[in-house]
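Since the model is a prediction, treat every value here as computed from it, not as a measurement. No hydrogens, no waters, no symmetry mates; every other heavy atom, side chains included, goes into these values.
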Amino acid sequence: MRYIHKRKRCRAFDSYVKRKRTNKWSQFNSSIKFELHQHLWKEQKGLCVYCEQAIPEKRRKDDTLRHHPSHIEHIKPKSKYKHLAFSYRNLALACNGFNCASEDEKGEFCEYAKKDMFNSNLFLNPVEVRDIEDYFTFDIDGNIKPNRNRSAIEIEKARYMIELLDLQNPNLKSMRAEQYTIFIEEELAGVNVRAILKPDRFVLPGFYTMLKQFFGEPFKTDTLPPDGQSFL
């Protein structure tokens, strides 16, 4: 998980909420929801707010669950926090709980696992916890674990998030391991993979936090490979 800086609001969304005084998410205008979806995708640089897998950009407002593997997520469940249903800071983009690059549409992890469960004392909110990346560690087999260098309560929070979102799901582990292997192979081929990890890129590679742990923070002098390679 990585920190999401909510610094630029979606004007179309704000204007709609103010004008319509909407209080039912089910009645949210589809065109505005599409604009919000695109805005959140750009804000999160193409990554799921929870597992950090790469999410494809939604290009049509009529994309449904069958056609697009992501949705607008209420970080604090709207069933329990009704007053936050249209709070921009409570909205993020999440995958639908399966590999966005596959044909499998069976939800297993992330919001699909989280549902309406929310322990405010343990939940690590990616739009509030600035050092959230440091709560977790990874290994080359794709495992995610609490960072043992944190305090006892912080380790408990990390463990809670892993269990809540099922971040140790076998499919997620396999996806992370595959991404690590791709970067290793590219690095051995002479590609400057750290350049792919520059935080100011428009879209970041999937499992960005894990990759930074293994390949290090990019330097200002790191340059992208000339062929513009893309990663999961």
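Rounding to the nearest 0.5 Å places NZ of Lys33 at 12.0 Å from CG of Leu40. Within the model, atoms NE2 of His39 and NZ of Lys8 stand 7.0 Å from one another, a figure rounded to the nearest 0.5 Å. Here the straight-line distance linking atom CZ of Phe98 with atom CE of Met175 works out to 10.5 Å at 0.5 Å rounding. For the atom pair Phe138 CZ and Asn147 CG, the distance stands at 10.5 Å (nearest 0.5 Å). A distance of 7.0 Å separates CH2 of Trp41 from CZ of Arg59, quoted to the nearest 0.5 Å. The OH atom of Tyr50 sits 3.5 Å away from the NZ atom of Lys114 when rounded to the nearest 0.5 Å.
Between Leu204 and Arg2, the closest side-chain pair of non-hydrogen atoms falls below 4.5 Å. Inter-residue side-chain proximity for Arg201 and Ile196 is flagged as met; some heavy-atom pair is nearer than 4.5 Å.
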Show your reasoning for whether ring pair (Phe, Tyr, Trp, His ring centres under 6.0 Å) applies to Phe118 and Tyr81.
CA-CA 10 Å; Phe118 188 86; Tyr81 297 85; 5.5 Å; yes
Given Gln53 and Asn99, is the side chain to side chain contact (heavy atoms under 4.5 Å, CB included) satisfied, shown in steps?
CA-CA 8 Å; Gln53 73 163 306; Asn99 185 344; 3.9 Å; yes
Quick one: do Phe214 and Tyr180 satisfy ring pair (Phe, Tyr, Trp, His ring centres under 6.0 Å)? Show the steps, please.
CA-CA 8 Å; Phe214 287 121; Tyr180 169 77; 4.9 Å; yes
List the steps, then state whether side chain to side chain contact (heavy atoms under 4.5 Å, CB included) holds for Phe207 with Leu172.
CA-CA 10 Å; Phe207 310 111; Leu172 267 180; 4.1 Å; yes
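Geometric assessment of Lys6 against the ring of Tyr88 yields a positive cation-pi assignment under the 6.0 Å and 45° thresholds. Judged by the 6.0 Å and 45° rule, Lys115 forms a cation-pi pair with Tyr112.
For the side chain to side chain contact (heavy atoms under 4.5 Å, CB included) criterion with Pro205, the lone passing option out of Gln179, Met210, Glu52 is Gln179. Results of the side chain to side chain contact (heavy atoms under 4.5 Å, CB included) test with Arg176 over Leu211, Thr181, Ile144, Asp139 single out Ile144 as the only residue that passes.
Taking hydrophobic clusters as Ile, Leu, Val, Met, Phe, Trp and Tyr residues chained together by side-chain heavy-atom distances below 4.5 Å, Tyr16 shares a cluster with Ile72. Hydrophobic clustering (side-chain heavy atoms under 4.5 Å, transitive across Ile, Leu, Val, Met, Phe, Trp, Tyr) keeps Ile153 apart from Ile155.
The backbone N or O of Ile32 sits less than 3.5 Å from a side-chain atom of Asn29, completing a donor-acceptor pair. Side-chain atoms of His74 never come within 3.5 Å of backbone atoms of Asn90 as a donor-acceptor pair (strictly under, hydrogens ignored). Panel note: side chain Asp116, backbone Pro77; no donor-acceptor pair is recorded below 3.5 Å. Formation of a donor-acceptor pair under 3.5 Å by the Gln44 side chain with backbone atoms of Ala92 is not found in this model. Within the 3.5 Å criterion, the main-chain N or O of Tyr3 finds no donor-acceptor partner in the side chain of Arg130.
Residues Arg11 and Ser15 have side chains that never bring a donor and an acceptor to within less than 3.5 angstrom of each other. Counting only N and O atoms by type, the side chains of His37 and Ser70 include a donor and acceptor under 3.5 Å apart.
Closest of all the heavy-atom pairs between Ile55 and Ala94 is CD1-C, 4.0 Å. Here the closest heavy-atom approach between residue Cys95 and residue Phe109 is recorded as SG-CE1, 3.8 Å. For Gln38 against Lys58, the heavy-atom pair with the smallest separation is NE2-O, 3.4 Å.
For Lys45, the NZ atom counts as densely surrounded, since its 6.0 Å shell holds more than 12 non-hydrogen atoms of other residues, nucleotides or ligands. Within 6.0 Å of NZ in Lys106 there are 12 or fewer heavy atoms belonging to other residues, nucleotides or ligands.
Applying the side chain to side chain donor-acceptor pair (under 3.5 Å) test to every pair with at least one member in residues 153-170, sequence neighbours left out, gives these pairs: Glu108-Asn169, Asn143-Gln168, Arg150-Glu154, Ser151-Glu154, Asp166-Asn169.
Using the six-membered ring where Trp is involved, Phe13 and Phe28 have ring planes that are perpendicular, over 60° apart on the 30 and 60° scheme.
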